Each structure stands twice: as structure tokens, then as C-alpha cells.
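One structure below.
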Amino acid sequence: MHEVIVCEKPTSAEKIAKALSPSAKKKVYNKKVKYWELKKGSKDITVVSAVGHLYSLTPDNPKDKVYFDLHWAPAYEVNKRGSGFTKDYVRAIKKLGRNADSYIHACDYDTEGTLIGYNALKYACGQENLDKVSRMKFSTLTKKDLLEAYDNRIELDMNQVDTGIARHVLDYYFGVNISKALMKSVSNAKHRFLKLSAGRVQTPTLSILVEREKEIKDFVPEPYWLIKAVVEGNIEVNHIDGKIFDRDRAEEIMTKCQGKDAIVDRISFSNSTTKPPVPFNLGGLQSEAYNVFGFSPKKTQTIAQNLYTSGYTSYPRTSSQKLPESLDFKSIFTQLGYDGEFKKHIDQLPSKLKPNNGKKDDAAHPAIHPTGILPQGLSKDDKKIYELIVYRFISVFFEAAKFETMSATLDIEGEKFRFKRRRVTHKGWMEHYPFRKIDDEIFPDIKEDDLMKVLELISDEKETKPPARYNQASLIKELEKRELGTKATRADIIDKLYDRKYITGTQQIEVNQLGENMIDTLSIYCNNLTSEELTRDLQIKLDGISNNKSTRREIIDEGEKDVKVILEDITKNSNEIGSKLYESYQESNIIGTCPTCGGNLVKRYSPKTKSSFVGCANYPDCTTSYSIPKGTNFLKKTCEKCGLPIISFGKPRQRACLDSNCGKDKTKIHKPTEVGKCPNCGKPLLKRSGRYGEFIGCKGFPKCKFTCSVDELESKLK
DNA sequence: GCAAGGTC
């Protein structure tokens with residue numbers, strides 16, 4: 001009897017194989033794809049694995065104007081870029097998973113996992129009617145759970161399969177068709193191509209950012225005053241009222257207290273503790289890496305994936321903030337202890353290892369943790385993430401940090417002022433997590449009724465501030481809170497918004513005019529796409545399929561009808577929509593004013609030279625243009641000499657005027673002068689002028705690449 | 001050319 005077990009990813013295949021038989025043999029297909037062979041009773045079992053979705057939706061007829069007729073095709077054929085690695089896995093499953101006597105679907109027990117296994121069984125193993133298929137249902141990859149799941153297999157839940165299919169189809173219907181319609185409106189109205197996209201997750205995400213921009217724009221700042229005094233010992237004390245919005249009151253306090261001394265009114269002490277942090281889930285790691293190292297969530301995710309595939313850390317795409325006891329902490333610490341730096345901390349661990357687990361859980365994976373295998377030769381950035389994971393893992397086992405707080409109230413002519421100092425009395429976990437600053441202030445030596453000289457009395461006029469813009473880490477947190485996207489896709493969604501030029505800015509995300517116009521446009525024609533309504537709707541509909549209240553066909557037909565209404569609306573107003581989108585796109589690209597005609601200077605892309613340049617928007621009437629180095633940023637500052645924007649470019653970043661000839665005598669630099677013969681090819685050598693000043697280059701460029709600095713010329717010619 | 005969701 002031959003049995004084939006299909007898993008979601010190689011690591012779960014390994015765990016399942018080893019759980020079923022400790023003597024399972026690891027094999028490799030075509031030098032790339034791992035699989036396992038084992039014997040159990042009379043059965044010869046082959047454990048193969050997918051790598052996530054192996055099949056993607058694609059239109060039956062790509063030439064159709066709208067896509068409602070779709071079928072599944074291998075992912076590597078549909079998305080040529082990015083899914084190439086799935087090809088070997090599909091081949092391996094096709095080769096190893098044919099003509100078995102029985103099949104087991106052992107992918108993650110969730111909607112996507114169910115579909116991943118279903119498609120693999122249907123299209124790669126040829127199990128169309130599923131009569132030989134059973135399903136393993138497990139919530140962790142521990143041996144106990146897996147054996148139980150194997151012994152108590154259930155029937156494949158076709159409602160769950162249909163739920164997955166409907167999710168894919170509806171996202172395709174809305175996303176691809178509406179994106180296409182928007183791009184078409186631009187090409188109809190302006191005869192230009194603009195890469196645009198909309199979708200169930202990316203559009204509400206953009207909308208959150210636009211909403212914040214509006215709050216900032218509408219914000220009316222209110223003046224307030226902060227009154228503080230500096231007393232003996234350079235201690236800053238703040239007036240007890242905090243923000244004072246009444247100017248008269250602020251002035252009253254100032255006049256009253258001017259030139260008067262302070263008396264210590266009351267001193268009190270209190271104790272507090274700070275618990276250790278919780279173990280990392282993906283969002284937590286992304287957020288911490290952003291705050292500590294400034295890494296983008298995408299970068300952190302890529303590094304975490306590398307560390308995982310290299311065997312140094314656990315599976316990164318988890319929501320769990322819990323470390324289950326089944327993990328064998330002791331042996332992980334023993335191995336980590338071979339590193340001298342880690343050992344210093346591990347040696348101080350309490351004898352009873354109990355992690356400070358967080359609330360969030362994940363059915364399939366524990367929180368991110370080191371495996372114990374010590375890495376070698378990691379790049380600088382990989383090492384940073386690895387150490388962050390290790391120290392977080394260590395610190396969650398330590399006791400809380402303890403603090404003592406001193407609060408003092410001072411009296412100046414009946415007005416109360418106060419200050420607080422906090423000092424650490426027991427560092428606890430903080431001593432073992434080097435990424436947090438520890439508050440440790442000195443308590444001044446004062447007692448109640450002391451008279452203190454006021455050295456300075458200050459009234460600071462301030463303004464209330466609008467809410468802060470999101471950064472990538474705070475946006476990911478917001479998406480988690482609103483349950484938009486998944487842990488695996490949130491960083492990609494944000495990247496996509498940058499890629500489409502909807503948003504810009506790294507420290508703070510700002511929305512471009514194009515992004516704002518997308519939301520304005522879509523909120524008119526399909527409000528449920530800009531809000532989170534579509535995701536909520538989808539969830540309700542999918543739940544309907546799961547519990548037999550509706551069928552996949554009904555839900556998909558409904559979606560088709562909804563999308564068709566939206567598409568009709570967009571087509572009707574195509575001209576207006578297209579014009580506005582393109583114009584807003586151009587506005588986003590305005591970087592200054594043309595010195596020749598006063599028009600707008602815009603950043604453009606030349607497909608011929610595959611490079612960006614700056615040109616006048618009035619082209620061809622005005623032909624003013626400037627070349628720019630790769631990776632140029634336009635700063636808000638302008639050149640003092642000519643008023644053009646200052647650009648930053650290169651590594652390390654340097655700044656210069658957009659006009660590389662700014663401030664130079666133009667008659668000289670445009671005529672390269674001959675200064676000798678090229679030592680490489682014999683052609684004339686020319687003194688040229690570039691962005692970085694004068695240099696010597698061969699006339700035979702680009703065939704001959706000889707260059708040197710003006711100073712080097714003499715020695716090179718010898 | 002276009003989505004969102006898995007994964008290396």
C-alpha cells in the first residue's frame with residue numbers, strides 16, 4: 001500500500017514525517033525538493049510538500065476586456081516573476097504523488113491551507129474526485145498533535161474549499177477588473193499609461209492614510225502655555241496645570257511668581273514594576289526592528305525568512321506571542337550558551353523557565369524564537385535581527401524591572417509646581433535586553449519645607465499639534481487592529497502603495513495627490529472598496545458558505561453583479577476619472593518651476609535610456625530639461641543662486657543644485673579641451689565637466705572607459 | 001501592466 005501525504009511547506013512535511021516515524025528518510029528530488037519516505041505498518045508513505053499556493057487564478061481568455069471567466073493554472077506560469085521556485089515542487093508532487101492507494105491532505109487547518117492542499121491534490125496528484133483523500137486536522141506541529149490527527153483523520157470539508165475558492169475569485173473580480181478599468185480611463189482620456197491598482201486590502205489601507213492627511217489639514221492649532229521654573233540644583237519644575245490655554249491665567253502666574261522663592265510642599269515616593277516584553281510575533285518583530293534599527297517591515301520580514309530557512313530562528317509568519325513549554329527551552333539555552341555574549345545573560349536565568357507570554361495566539365506556530373543553532377557569517381543587518389530575536393527570547397524569562405519614583409510639589413506664592421524622578425532599583429529583564437533605555441535618574445537631596453531659590457521662570461508658548469502621520473510600523477499595527485490583510489501580506493501591501501506612487505516618505509508616510517485622488521474617485525464609484533466594508537462583507541459571505549447558508553456559485557455570481565455595476569459607472573465617467581487621475585499623478589511629480597517658461601518642472605521617465613530626468617511640463621513648447629543621477633531625491637530646499645530645487649543623490653548622500661552647471665561659467669564647460677592622448681587606446685584625452693567637477697576622459701568613450709582626475713593626469717601620461 | 005494570499 002502506498003500513501004501520499006501532502007503538506008503546506010517543507011518544514012511541516014519534515015515534522016509530520018518524523019512524528020509518524022522517527023526513522024523517516026529524507027530524500028531530495030531533482031537536487032532541490034526535499035521529501036520524506038517512511039514505513040508505518042503495512043504502508044509505504046511518501047510525505048511531499050507544497051510551498052504555499054502552487055496554483056493561481058488566471059483568465060480563460062486574456063484578451064477579454066473584463067475577467068469573469070477564470071481557471072487555476074500553475075503559479076509559475078501566471079506570475080513568472082517571484083513564483084519560479086514553485087515549479088520544482090509541482091514537478092516533484094506530480095512525479096512522487098501519482099497512482100497512490102490513498103492520499104492525505106495535511107496542510108494548515110485554515111481556509112488558505114485547505115485550498116493549497118486541494119489544488120495540489122487535484123491538479124498535481126490528479127485526485128479530481130477525492131475518493132482516496134482524507135484530511136489531517138491539527139493545530140500545532142507537535143508529535144502528539146500530529147499523531148492524533150493522523151489516527152483520527154476526517155473527511156475533506158468541501159465548504160472550506162469553496163470558501164477559499166470564493167475568496168480568491170472575488171478578490172480577483174474586484175481587484176483586477178477595477179484596476180484595469182481605472183488604467184483604461186487614463187489611457188482613453190490622456191493616451192498615457194499609468195500603472196494603477198485597487199483592491200480589497202490596499203485601497204482601505206490607502207484610505208486610512210488619506211483620512212489622516214485630512215485630519216492634519218483640517219487641524220486648527222490652539223496656542224497654550226507651559227510654565228516652568230528652574231530651581232536650585234538645576235531642577236526643572238512644571239506648573240501643576242500643565243497646558244494652560246488661557247493667556248491671562250498664564251500671565252497671572254508669571255507676575256505672581258516672578259522673583260519669588262519656592263518652598264518644598266510635599267514629597268512622596270512610590271514603587272512600580274515593568275514586566276518583561278512578550279515574545280515576538282511577526283508584527284511585533286517588524287515594529288521593534290523599525291523602532292530600534294529603522295528597518296522597513298518588508299526588510300525585517302525578508303531577513304526573518306532567511307534566518308528561518310537557514311535554521312537559526314523559527315517560522316516568522318506567526319501571530320503568536322506565546323512560547324509553549326513543549327519547546328524545550330533548556331536545550332535552546334544550552335546551545336545559545338556556546339556564544340560568550342549570550343552566555344553572560346543565560347547564566348543568570350531563573351531556574352524555573354516561565355516566559356511572559358502575550359495574549360495573541362496562532363493555531364499553527366509559536367512565537368518567533370531562536371532554534372539554538374548559532375549562525376556564522378551573517379551580514380550586518382541579518383545579525384542585528386538575529387540578536388534582536390535572541391535577546392527578546394532571553395529577556396521574556398526574566399523577572400520584572402523595579403522602579404522607585406519620587407514626586408515633589410513645590411509652592412511659589414501659592415502656585416503649585418511639581419517634578420518627578422524615576423530610578424531603577426532592580427533592573428530585572430532590562431539588563432538582558434539591550435534595546436531599551438533604562439530610566440535611572442538621580443533623586444535630588446531635598447526635604448519638605450526646604451526653601452529653594454528660583455533661578456529662572458519660563459513661560460513657553462506652544463501650539464497643539466495635529467495627529468502624527470503614520471510610519472510603516474505604526475501602519476502595520478493599525479492594519480492588524482482593523483484586521484486588514486494578513487501577517488504575511490501587510491508589508492507587501494505597504495510596498496505596493498509606494499510602488500504605485502500613491503504615497504511617499506519614509507519616516508512619516510505622506511499621501512501624494514495621486515493617492516488622494518484615487519480615494520476621492522473610488523469613494524464616489526465604489527464606496528465599499530475604500531472603506532473596510534468589502535472585507536467585512538466578504539467575511540460574512542464566506543461564513544455563509546462555511547455553514548451551508550449559501551453556495552460558492554451564489555456568492556461569486558453576486559460579486560460579478562456588484563463589480564459589473566461599478567465598472568459601468570466607471571466607464572460612463574471614464575473621461576473625467578482618467579483626466580483627474582492623470583493630472584493628480586502629474587501634480588505629484590512637480591518638483592519646481594521652469595526657469596525658462598515659468599511652467600512646472602516634472603520628474604519624467606525615459607523608456608529609451610531607462611532613466612529618470614526632469615523636464616518642463618510644457619514640452620514640446622518648452623524643452624528645458626535636466627539629467628539626474630540614479631536614486632535622486634528632491635528636497636524642499638531650493639538653490640540660493642537660481643531657485644531650482646536642491647537634490648540629494650549617491651552613496652554617501654550628497655547635495656547639489658538640480659542644475660549641475662549652476663554657478664559655473666557655461667561657455668567654458670561645454671567645450672571639452674584636448675589635453676593629451678589616451679594611454680589605453682591612443683585617442684585624444686579630453687578635459688570634461690561633470691556633476692562632480694572637472695575630470696579627464698577618453699574621446700573614445702563609451703568604447704574606452706579611461707578616466708582620471710585632473711591632478712592624476714600627469715602621472716598617468718608618463 | 002491588474003488583487004490577495006500562501007511560500008522559498
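Within every chain, numbering begins at 1; the chains are lettered A, B, ... in the order of the sequence lines, protein sequences first and strands thereafter. Remember, it's a predicted structure, so these values are computed and weren't measured experimentally.
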Cation-pi, A:Tyr29 ring and A:Arg91 (6.0 angstrom, 45 degrees):
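Not flagged: A:Arg91 not positioned over aromatic ring of A:Tyr29.
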For this output row, return yes or no: ring centroids of A:Tyr55 and A:Tyr123 closer than 6.0 angstrom.
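Under 6.0 Å, so yes.
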Is the distance from the ring center of A:Tyr173 to that of A:Phe68 below 6.0 Å?
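Yes, the ring of A:Tyr173 comes within the 6.0 Å limit of the ring of A:Phe68, centre to centre.
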Base, sugar-phosphate, or nothing for [X], non-hydrogen atoms under 4.0 angstrom?
X        : result
A:Tyr315 : sugar-phosphate
A:Arg200 : sugar-phosphate
A:Ala75  : nothing
A:Gln202 : sugar-phosphate
A:Lys9   : sugar-phosphate

Can you tell which of B:dA4, B:dC8, B:dG6 lies closest to the side chain of A:Thr309?
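The closest nucleotide is B:dC8.
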So, do A:Ile5 and A:Val48 sit near enough that their side-chain heavy atoms are less than 4.5 Å apart?
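No, side chains not in contact.
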Test of understanding: with ring-ring contact (aromatic ring centres under 6.0 Å, His included), list the residues that count as partners of A:Tyr525, not counting sequence neighbours.
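Result, ring-ring contact (aromatic ring centres under 6.0 Å, His included) vs A:Tyr525: none returned.
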Which pairs count as ring pair (Phe, Tyr, Trp, His ring centres under 6.0 Å) when at least one residue sits in residues 549-569 of chain A, sequence neighbours excluded?
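Residue pairs with at least one partner in residues 549-569 of chain A: there are none.
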Residue met sooner reading DNA chain B from 5', once A:Gln301 and A:Thr58 are mapped to nucleotides:
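Upstream on the strand: A:Thr58.
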Between A:Leu196 and A:Tyr308, just flag the one whose closest nucleotide in DNA chain B comes earlier from the 5' side.
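That would be A:Leu196.
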Listed once per pair and sorted, the salt bridge (Lys or Arg N to Asp or Glu O under 4.0 Å) pairs that draw on residues 364-389 of chain A, sequence neighbours left out
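Non-adjacent pairs meeting salt bridge (Lys or Arg N to Asp or Glu O under 4.0 Å): A:Lys299-A:Asp381, A:Lys383-A:Glu387.
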Any residue of residues 550-577 of chain A with a heavy atom less than 4.0 Å from an atom of DNA chain B:
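Close to the strand, none.
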Taking DNA chain B as the partner, which of residues 481-500 of chain A come within under 4.0 angstrom of it by heavy atom?
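Correct list: A:Gly485, A:Thr486, A:Ala488, A:Thr489, A:Ile493, A:Lys496, A:Arg500.
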Determine whether a donor-acceptor pair (N or O, by modelled atom type, separation under 3.5 Å) exists between the side chain of A:Thr163 and the backbone of A:Asn159.
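The answer is yes, because a donor-acceptor pair under 3.5 Å joins these two groups.
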Apply side-chain contact (heavy atoms from CB on, under 4.5 Å) to A:Lys15 and list each qualifying residue two or more places apart in sequence or on a separate chain.
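A:Leu141, A:Leu146.
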